[in-house]
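Sequence lines set the chain letters: A, B, ... in the order given, protein chains first and strands last, and positions in each chain run from 1. Computed from a predicted structure; not experimentally measured.
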Amino acid sequence: MATGTSLAVPVPVAERRFFFLSSQHGHERKHRRKRSKVFSSSSSEAIASDHNHQIQVLCKQGNLALALQLLPHEPNPTQRTFHSLILASNTPSSASAIHRAVIHSPFHSDPFLSTCLIAMYSRLRLLSQARQVFHNTPSKTIFVWNAMLKALLADDEAEDALSLFCQMNCLGVHLDSYTFSFALKSCIACSADSSSAPYRLKQIHSAAIRRGYDSQVHVATTLLDCYSKLGFLSYAQQVFHHMSLRTLVTWTAMIGCYARNEQPYDALNLFRQMVLTQDPHLTPNAVTIISVLLACAGLAALGQGKILHGYILRRELDSVLSVNNALVSMYIKSGSTVLGHRVFDHLDPRRRDAVSWNSLISGYAMHGFYQEAIQVFDEMVQSGVSPTAVSFVSVLGACSHCGLVEEGKMIFQSMTHKYNVVPCIEHYACMVDLLGRAGQLDEAVKIIEEMPLEPSPQLWGSLLGACRKFGNVEYAELACSHLFELEPKNSGNYVLLADVYTKAQMPEEVDRVKKLLEEQSLPKLAGCSWIEVFKKVYSFVSVDEMNPQIEEIDALLVELVAAMKIHGYEPNTKVILYDLEQEEKERMLLRHSEKLALAFGLINGKKGEVIRITKNLRLCEDCHSFTKLVSKFTKRDIFVRDVNRFHHFKDGVCSCMDYW
DNA sequence: GTAGGGTTAG
């Protein structure tokens, strides 16, 4: 206790030191202090260390201007000083000033500073300077190589990044896990204009396996995401299942993978599985929520989406702009433009970005509110947000569905002339669709012939669709000559061509195409529909004997068909290409997944509530006319979202006006 | 010894 009191007496710091240090130490200290005093007055080194420190502090405080003014007065800037300056540099002129100073210092080829300089130039989007630093660094550490890879990737020079990766391999550079992350991402960045992406991805994957980096969590997650982006869902799944350690990012990437690759149901299941682990490290973040919202949108699962919205508010994730944008898009895609618009309205107008606006524009376009879509586009421009390539895809799509040919042409022209957006393949596809739907087939073909890009299957598909509508055999054959080569496994193209021949009364040709289709025994994409009833999502496929209520559903459908026939419904068996008896064809029509979902909704849903169905294919003509009549007969509003757009059935009429 | 990576809405 006695010592305690004595220690409680405040002792000045300097004295206390004396108290504890031996006299010898004290002497040494004094001596050293004396020496440094001599240096500080006579040698420049002491001033130097002083300036170095000052420059570093100024950089940390963000006062780069003053730091740069001080730099010439420092004859021996240290590596630390340069590092601080590089980190603080935020303009091209300050960047080159610092770079010059480095070159004239003993650190001119220091790999550490080279790494930082490359990153700095990359940040300022000065790629050629970054390349220069790279080439002038004789002994490149893996950091230097990786910084250059990253810089190339960030500047859309992914092809160069991949060549650099090859060079590293040839030179026997010891690659690390970062190298693989960048190489994999480059591969994806190249995939837009190169068909070899899957092959190259697998090559890099095997190289990663050989070096044992494939199990590294960052590499594996990137790998998973790369397979996802190329549409190789099963490879992504394999990577996910083989990982021994999965982080939140890994789970999020896999959820996003399902959501983007037409498996929204699996995305929701995986999300549920993740939440059930109750692992605190796996608490969903904004990105996770965005991916889950994407899945809800994919299913038009409005109830699930609302639950998520509640979660977002509780977790205060509504402060994140991208979460709000995803909400807007989820609500609209789930059929509620009102709720979508409400989220948009609650956003501070100054915070709204191009994605916020685009969500709204594409939402209106999807619902067939084309005037509104164009109006929102104008509002976007007025608000000072520049339209992006995506804005134009939506708004041109809107024009096309509305038959606004002249308006569409003007907007297409304005892209380059007014908004500085270079048209890409999707925009040309929109134009072909616009002209094709309006019956201007010659002009549509002219666009294809004159465009500077390689026509995509979607673009030929648009032309083929127009040919079907206007019965143009010549252009249909032209489109198919490309389509059969570009996507030989898409049975839809054969069906459309057969339709064109049927319309043109060319039965031999119809038979030829049908045979072609049968010979290849192509796997037809199974029709699938979803419906949400009391916040649970139910899915239906056309051959679904597993559904416990199938008998009840069948019975209702038979009853409905009988009633609809009185109201003028005639089963449109033309949509079935197989050679079957009329009765059998009608039976097949009744098993279309959309009709099953509709009957299920009528049986189990809340009376009088809007029925919302989502379908993975385009709505067939028979289901369309059937649903129109059901909406009238049952006095129910029915929303059906197919792959392209919304159909709102009410009182026997559809919002698409039978034009889809 | 320092530096650097994976998931994000249209």
Original post:
By a strict heavy-atom criterion of less than 4.0 Å, which residues belonging to residues 201-214 of chain A are in contact with DNA chain B?
Top reply: none
Original post:
Yes or no on ring-ring contact (aromatic ring centres under 6.0 Å, His included) for A/F412 and A/Y428, after CA distance, side-chain angles and deciding distance?
Top reply: CA-CA 9 Å; A/F412 185 71; A/Y428 287 102; 5.6 Å; yes
**OP:** Mind jotting down which residue pairs meet the ring-ring contact (aromatic ring centres under 6.0 Å, His included) criterion with at least one end in residues 290-325 of chain A? Sequence neighbours excluded, please.
**Re:** A/H309-A/Y331
Original post:
Do A/W145 and A/F134 have their ring centres less than 6.0 Å from each other?
Top reply: yes
Side-chain donor-acceptor pairs of residues 385-399 of chain A under 3.5 Å, sequence neighbours excluded:
residue: A/T388; atom: OG1; partner: A/N358; partner atom: ND2; Å: 3.0
residue: A/T388; atom: OG1; partner: A/V390; partner atom: N; Å: 3.3
residue: A/T388; atom: OG1; partner: A/S391; partner atom: OG; Å: 3.3
residue: A/S391; atom: OG; partner: A/N358; partner atom: OD1; Å: 2.6
residue: A/S391; atom: OG; partner: A/T388; partner atom: N; Å: 2.8
residue: A/S391; atom: OG; partner: A/T388; partner atom: O; Å: 3.3
residue: A/S394; atom: OG; partner: A/V390; partner atom: O; Å: 3.3

Subject >> Positions of residues 216-230 of chain A (non-hydrogen atom under 4.0 Å from DNA chain B), listed by number >> reply: A/Q216, A/V217, A/H218, A/V219, A/T221, A/T222, A/D225, A/K229
Original post:
Where does the angle between the aromatic ring planes of A/Y227 and A/Y235 fall among parallel (under 30°), tilted (30 to 60°) and perpendicular (over 60°)?
Top reply: parallel
Original post:
What parts of residues 329-349 of chain A reach DNA chain B, counting only heavy atoms under 4.0 Å away?
Top reply: A/S329, A/K333
**OP:** Could you grab the distance from atom NZ of A/K150 to atom OG of A/S122, nearest 0.5 Å is fine?
**Re:** 6.5 Å
Original post:
Side-chain donor-acceptor pair under 3.5 Å between A/S94 and A/T91, yes or no?
Top reply: yes
Original post:
Are any side-chain N or O atoms of A/S291 and backbone N or O atoms of A/V287, one a donor and one an acceptor, separated by less than 3.5 Å?
Top reply: yes
**OP:** May I ask you to check whether A/Q132 and A/Y121 show a side-chain donor-acceptor distance below 3.5 Å?
**Re:** no
Subject >> Strand-adjacent residues in residues 145-169 of chain A, judged by heavy atoms under 4.0 Å from DNA chain B >> reply: A/N146, A/K150
Original post:
Using a cut-off of 4.0 Å on non-hydrogen atoms, how would the nucleic acid contact of A/L294 be classed: base, sugar-phosphate, or nothing?
Top reply: sugar-phosphate
Subject >> CE on A/M415 to CE on A/M410, rounded to 0.5 Å >> reply: 15.0 Å
**OP:** List in numerical order all residues of residues 382-395 of chain A for which some heavy atom is under 4.0 Å away from an atom belonging to DNA chain B.
**Re:** A/T388, A/V390
Subject >> Partner residues of A/F271 under the ring-ring contact (aromatic ring centres under 6.0 Å, His included) criterion, sequence neighbours left out >> reply: none
Subject >> Residues that A/R350 engages under salt bridge (Lys or Arg N to Asp or Glu O under 4.0 Å), provided they are two or more places apart >> reply: A/D348
Original post:
Counting any heavy atom closer than 4.0 Å, what does A/S356 reach on the DNA or RNA strands: base, sugar-phosphate only, or nothing?
Top reply: nothing
Original post:
Side chains of A/D214 and A/H205: is there a donor and an acceptor less than 3.5 Å apart?
Top reply: no
Original post:
A/S362 near the nucleic acid: base, sugar-phosphate alone, or nothing, with a heavy-atom cut-off under 4.0 Å?
Top reply: sugar-phosphate
Original post:
Within the structure shown, what part of the strands sits under 4.0 Å from A/T179 by heavy-atom distance: base, sugar-phosphate, or nothing?
Top reply: nothing
Original post:
Heavy atoms under 4.0 Å, any strand shown: does A/F180 hit a base, just sugar-phosphate, or nothing?
Top reply: nothing
Original post:
A/D176 near the nucleic acid: base, sugar-phosphate alone, or nothing, with a heavy-atom cut-off under 4.0 Å?
Top reply: base
**OP:** Specify whether A/H367 and A/F646 have parallel, tilted or perpendicular ring planes, treating 30° as the upper limit for parallel and 60° as the lower limit for perpendicular.
**Re:** parallel
Subject >> Interface limits on DNA chain B, where chain A has a heavy atom under 4.0 Å of a nucleotide atom >> reply: B/dG1 to B/dG10
Original post:
Can you find a side-chain donor-acceptor pair between A/Y178 and A/H218 that sits under 3.5 Å?
Top reply: no
Original post:
Under 3.5 Å, is there a donor-acceptor pair linking the side chains of A/D225 and A/S228?
Top reply: no
Identify each donor-acceptor pair in which a side-chain atom of residues 249-256 of chain A lies under 3.5 Å from a protein atom, sequence neighbours left out, and give them as a table.
residue: A/T250; atom: OG1; partner: A/T221; partner atom: OG1; Å: 3.1
residue: A/T250; atom: OG1; partner: A/T247; partner atom: N; Å: 3.0
residue: A/T250; atom: OG1; partner: A/T247; partner atom: OG1; Å: 3.1
residue: A/T252; atom: OG1; partner: A/L248; partner atom: O; Å: 2.7
residue: A/T252; atom: OG1; partner: A/T288; partner atom: OG1; Å: 2.9

Original post:
Mind checking what makes ring-ring contact (aromatic ring centres under 6.0 Å, His included) contact with A/H427, not counting sequence neighbours?
Top reply: none
Original post:
Looking for any heavy atom pair under 4.0 Å, which part of the strands does A/R260 touch: base, sugar-phosphate only, or nothing?
Top reply: sugar-phosphate
